[in-house]
Amino acid sequence: MKIYNTLTRKKETFVPLEEGHARLYVCGITSYDYCHIGHARSALVFDMVVRYLRYHGYRVTFVRNFTDIDDKIIARAAEQGVDSKQLAERFIDEFYTDMDALGALRADIEPKATEHIQEMIELVQDLIEKGLAYPSGGDVYYRVRRFTTYGTLSGRKLEDMQAGARIDVNEQKEDPMDFVLWKGAKPGEPKWASPWGEGRPGWHIECSAMSRKYLGASFDIHGGGKDLIFPHHENELAQSVGANDCSFANLWMHHGFVTIKDEKMSKSLGNFLTIRDVLREYPAETLRLFIFSTQYRNPLDFSETALQDAQVGLDRMYDCLAGITGLVQAADTGSGGVDAGISVIGQKDRKKIESLRQRFETAMDNDFNTAQAMGHLFDGVKVLNKACRLLDSQQAAVEDLELLQQAGVTLQELAGLLGVLQQDPMQYLQEKKDNLLASISLSEEEINNLIEDRNAAREKKDWDASDAVRDKLLTHNVELHDGPYGTTWDVKA
RNA sequence: GGCGACGUAGCCAAGCGGUAAGGCAGAGGUCUGCAAAACCUUUAUUCAGCGGUUCAAAUCCGCUCGUCGCCUCCA
């Protein structure tokens, strides 16, 4: 499989350092607020990556950190008059609540910065010994110009950056581009003892220290949002390579942003929706389908319409699975194992059904092209629906039923790699109906009574009366469907 | 100012040198007393524009226009 590497700006064949074992480190959240849809994308993208690597047969060690000490946490805690540690803990809990609601897998190791102060101090000491860092006025800084390849990951030169310098002038630094590894404590701030006095870690050092501890100096994949490329990942790279004298992450994966009206969703712009905001309106699987409708590196524009489209698509997939289940059940109770009928599924459609897994994998192997992979899934749905329709109207051949049943299982398995289509289809559709029913002013019994009245009128061919009932129900968003086996109803969304 | 990404049907989105996947919406059809729902079929001579390379370009190169991002905390 191929993965796009930010470092080389190319898709590269994925070959883990240790055979059969993929080690990956993803930058997690800074816990001072509820997570928004951008965080959901990050979590779900790497959730999909991990699931797919495991599907491919790799043993995966997935590390994702929590930044539980930093300026924003301290500021927010001060604002609310609470302890910064408690604030961080609280939003880690909220993060888990959201992740569980999204059905995202837990990382194998979820280290917190504050629990690795010692490791960070050791790393900073390594850097000082190598001449790559220097203490200054209670702080410790990284000597950027000493790391000759600085800027490789983000593709920028030190000179270029100075041109547009929005860098704060800091008297303590030898060079304005130097970044802080350790910050001396200001009065009232959380602090830890260190060889340079009391203080706290800079932002970037935690990831270098924790990845080294849990994955080793070199590992396979380092991931995060595109906004982390500079300065966070560039600095991590400088720290780790500088301290360990060996390559750091082999491959850097960065996902695109979630936008609203083509602008980046962010706290500072105030144009964000939290995960729980969205999950109040749509099921998690709908959100996942939406997120995977675009390849992970491209921007993803959030809108009500896009979510509704995803919802319709998800329902269609479940309808298809329910159709297969219904057909198989009918056949079981019907002909009782007697091979009725001849195959009606054409050669071309059979081939499409049988190649579904192959096509899905080819798309996913190409830098996790979930958009294309989903296209194949929907294409499968189309062919399966067609087959269901054909079988429904005649005696089903055993081989056809088996093909459909198997295809349904495959469809659900593959969709599961994206975390969708994981519910029992019958139950999903029933729940949807129940939820909608709860939102209208009629009970199921009242609806059924009205349907009986209407059917009585229809017997007498009193179309005016029957249509009146239908219209009345429609004002309550109840739609009637007259089928060969009687009248069923649904609630309009 | 520096660096980078993107621009494909009404909307979303794949394709990245061999002649336009898929989804939503729309249209036609099957079904129906009429509907609805469901399902089927269908919808881009063309890929922002202009040049160039090539037997062949949405795909490669150059320029122009437009949108967005990073360079400051950010997923």
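Residue numbering restarts at 1 for every chain, and letters A, B, ... go by the order of the sequence lines.
A donor-acceptor contact under 3.5 angstrom links the side chains of A:D315 and A:Q311, judged on distance only. A side-chain donor-acceptor contact under 3.5 Å links A:Y318 and A:E285. Side chains of A:Y282 and A:E304: a donor-acceptor N/O pair is present below 3.5 angstrom, by distance only. A:S343 and A:D400 share a side-chain donor-acceptor pair at under 3.5 Å. A donor-acceptor contact under 3.5 angstrom links the side chains of A:E206 and A:N65, judged on distance only.
One atom, CD of A:Q311, and another, C1' of B:C12, lie 16 Å apart when rounded to the nearest Å. With rounding to whole Å, A:D319 atom CG is found 11 Å from B:C40 atom P. For the pair A:F257 CZ and B:C73 P, the interatomic distance rounds to 14 Å; values are reported in whole Å. The distance between atom CG of A:L480 and atom P of B:A35, rounded to the nearest whole Å, is 16 Å. Look at CZ on A:F179: it is 13 Å from P on B:U72, rounded to the nearest Å. Rounded to whole angstrom, the span from the CZ atom of A:R470 across to the C1' atom of B:A35 amounts to 4 Å. We find that CG of A:D227 is positioned 14 Å from C1' of B:G4, with the value rounded to whole Å. Across the protein-nucleic acid pair, A:E304 atom CD and B:C12 atom P stand 16 Å apart, rounded to whole Å.
With sequence neighbours excluded, no residue satisfies side chain to side chain donor-acceptor pair (under 3.5 Å) with A:Q405. Listed by chain and number, the residues in a salt bridge (charged side-chain N to carboxylate O under 4.0 Å, His left out) with A:E413 are A:R357 (sequence neighbours excluded). Evaluation of the salt bridge (charged side-chain N to carboxylate O under 4.0 Å, His left out) rule for A:D365 yields no partner, not counting sequence neighbours. Residues passing the salt bridge (charged side-chain N to carboxylate O under 4.0 Å, His left out) test with A:K386, sequence neighbours excluded: A:D349.
At least one donor-acceptor pair closer than 3.5 Å links the side chain of A:T97 to the backbone N or O of A:D93.
Nucleotides B:G23 and B:A5 are separated by 25 Å at their C1' atoms, to the nearest Å. Across B:C73 and B:A14, the matching P atoms stand 31 Å from one another, rounded to whole Å. Taking the P atoms as reference points, B:G17 lies 11 Å from B:U59, given to the whole Å. For B:U43 and B:G22, the P atoms lie 10 Å apart once the distance is rounded to whole Å. Between B:U8 and B:A21, the two C1' atoms lie 12 Å apart (nearest whole Å). Rounded to a whole angstrom, the distance from the P atom of B:A58 to that of B:U45 is 13 Å. Comparing the C1' positions of B:G26 and B:A48 gives a spacing of 25 Å, expressed to the nearest Å. Distance check on atom C1': B:C11 versus B:A44 gives 14 Å, rounded to whole Å.
Residue contacts shown for A:L228 are limited to sugar-phosphate atoms, with no base heavy atom under 4.0 Å away. Base engagement by A:K264 is indicated by at least one non-hydrogen atom pair under 4.0 Å involving a base atom. Within 4.0 Å of A:H232, counting heavy atoms only, lies no atom of the nucleic acid at all. Heavy atoms of A:V258 sit under 4.0 angstrom from at least one base atom. If you check every strand for non-hydrogen atoms under 4.0 Å, A:T488 touches nothing. In this structure, A:D482 reaches the bases: a heavy-atom distance under 4.0 Å links it to at least one base atom across the strands shown. Within the 4.0 angstrom heavy-atom criterion, no nucleotide atom of any strand lies near A:R9.
Within residues 100-112 of chain A, no residue has a heavy atom under 4.0 Å from RNA chain B.
Considering only the side chain of A:D160, B:C3 comes nearest among B:C3, B:G69, B:C39. Nearest to the side chain of A:P231, among B:C73, B:U67, B:A37, sits B:C73. Among the nucleotides B:U41, B:U67, B:A38, the one closest to any side-chain atom of A:R389 is B:A38.
Nearest-nucleotide mapping onto RNA chain B: of A:R156 and A:H39, the residue sitting toward the 5' end is A:R156. In this structure, A:K261 and A:H481 both approach RNA chain B, and ranking their closest nucleotides by distance from the 5' end singles out A:H481.
Geometrically, A:R297 engages A:Y4 in a cation-pi contact, judged by NZ or CZ lying under 6.0 Å from the ring centre and within 45° of the ring axis.
B:A44 is unpaired under the criterion used here, namely a Watson-Crick or G-U wobble arrangement in which both key atom distances are under 3.5 Å. Base pairing annotation: B:C63 forms a Watson-Crick or G-U wobble pair with B:G49, both donor-acceptor distances under 3.5 Å. Across all strands shown, B:G33 remains unpaired; no Watson-Crick or G-U wobble contact has both distances below 3.5 Å. Pairing for B:G18 is with B:C55, a Watson-Crick or G-U wobble pair whose two hydrogen-bonding atom distances lie under 3.5 Å. With a cut-off of 3.5 Å on both pairing distances, the Watson-Crick or G-U wobble partner of B:G4 is B:C68. Applying the Watson-Crick and G-U wobble criteria (two distances, each under 3.5 Å), B:G10 pairs with B:C24.
Using a 4.5 Å cut-off on side-chain heavy atoms (C-beta onward), A:R288 and A:D47 make contact.
A:T259 contributes no side-chain N or O that forms a donor-acceptor pair with the base of B:G69 under 3.5 Å.
More than 12 heavy atoms of other residues, nucleotides or ligands sit less than 6.0 Å from atom NZ of A:K433.
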Footprint string (nucleotides 13-27 of chain B, 5' to 3'): B base within contact, S backbone only, - free, heavy atoms under 4.0 Å: SSS-----BSBS---
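Contact annotation: A:K226 side-chain N/O to B:C68 OP1/OP2 distance is not under 4.0 Å.
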